[in-house]
Amino acid sequence: MRRGIIALAAAGLLAVTGLTACGDDDGGDGGSADKTPKIGVILPDSKSSARWETADRKYLEEAFKAAGVQYDIQNAQNDKQAFQTIADQMISSGVTALMIVNLDSGTGKAVLDKAKQQGVATIDYDRLTLGGSASYYVSFDNVAVGKLQGEGLVKCLQAQNKTKPVVAYVNGSPTDNNATLFKQGYDGVIKAKFDAGEYTKGPDQAVPDWDNAQAQTIFEQMFTSTGGKIDGVLAANDGLGNSVINVLKKNNLNGKVPVTGQDATVQGLQNILNGDQCMTVYKAIKKEADAAAELAIALAKGEKKDTGKTVKDTEGNRDVPAVLLAPEAITKENVKKVVDDGFVTKAELCTGAFAAKCTEAGI
Ligand code: BGC
């Protein structure tokens with residue numbers, strides 16, 4: 001028993017301090033000690049969130065360069081066919097580790113399985129491929145992300161003293177496992193309010209591919225179908241939140257209807273400074289990229305690391321070794337945190353009319 005506790009404590013410590021090496025057998029997990037290590041990364045698109053090109057690519061590149069390892073980072077631009085083609089090219093060009101952000105689990109699985117067959121080690125980056133075969137999963141605690149969004153919306157509604165507010169959900173892509181986890185997190189907070197009769201459940205819809213333009217149409221329809229009676233919106237990321245805000249602006253309701261977000265994008269943070277968005281979730285992508293790069297470099301060299309943690313792939317009924325980082329809620333009060341962390345620069349955030357708002361927010 002005692003030993004169990006010590007072992008658990010040690011595992012917890014590992015999770016905080018980082019990853020540990022655990023042997024370097026070449027046990028069929030891909031990667032090879034005799035090939036030149038080279039890492040391939042496939043990003044999903046550049047429109048569903050600014051993060052992929054402005055943060056993930058940048059931080060991954062920095063980590064690979066610092067380690068002096070060869071790499072190739074490409075973006076599938078939301079095209080499933082292109083995703084497969086890029087993967088095929090990377091595999092034939094001799095990558096020894098492949099990191100993907102899937103566009104859906106089916107396409108992701110096909111790529112991961114093919115890589116595995118060719119002896120290429122794989123990592124699911126940010127999105128878990130259900131039924132897939134990746135050696136590792138590196139992401140944030142995505143249920144915790146959703147919980148922060150739910151709690152954030154509750155606080156903003158409280159601040160506005162709304163009685164029995166109607167709350168609408170604008171969810172992420174139905175093919176992104178993260179969107180399911182985010183919803184699990186925020187619904188866990190807000191459903192209790194619906195059940196207690198404190199809130200009224202409004203429209204609840206997913207946005208295919210996280211497409212911002214579609215989100216705007218979807219929210220316009222939500223707004224019309226309820227006769228404009230929506231008091232708060234749980235939007236799953238900053239892009240979707242901005243689409244909702246566009247509709248609210250047309251109806252002079254921006255700032256009066258709290259809207260959530262995620263990713264701490266420049267646009268999301270500016271919407272917060274304006275008072276049009278109530279919160280966002282900051283995910284320190286540098287940490288995510290660093291952890292994934294560290295694993296990819298180890299795999300690419302034919303080594304293995306112990307993450308001290310696993311997540312369950314319910315479809316494949318498999319425990320996937322995982323690194324899950326902690327997200328953080330951002331409101332007007334702590335926008336500064338994101339700038340201090342170097343995630344966005346003061347120059348890009350505090351442009352034009354935002355300069356005064358930044359000063360107000362202590363930035
Ligand atoms: C990511 C979010 C992102 C969304 C749209 C999710 O899988 O975790 O950070 O906003 O995809 O790209």
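Note that the structure is a prediction, hence the values are computed from the model and not measured. For ligands, and for the atoms within them, numbers begin at 1 and follow the listed sequence.
The pair D141-K147 does not count as a salt bridge, with every side-chain nitrogen at least 4.0 angstrom from each carboxylate oxygen.
Every protein residue with a heavy atom nearer than 4.0 Å to ligand 1 is included here: S48, S49, R51, W52, D126, R127, D176, N178, F182, W210, N237, Q262, D263, K283.
Counting only residues at least two apart or on different chains, no ring pair (Phe, Tyr, Trp, His ring centres under 6.0 Å) pair has a member in residues 222-263. Sorted by first and then second residue, the ring pair (Phe, Tyr, Trp, His ring centres under 6.0 Å) pairs involving residues 143-194 (not counting sequence neighbours) are Y169-Y186.
When atom types are taken as modelled, the side chain of T280 and the backbone of A264 share a donor-acceptor pair closer than 3.5 angstrom.
When each of K162, K193, K191, K164 is checked for a salt bridge (Lys or Arg N to Asp or Glu O under 4.0 Å) with E198, only K193 meets the rule.
Residues satisfying the side chain to side chain donor-acceptor pair (under 3.5 Å) test with Y71, not counting sequence neighbours, are none.
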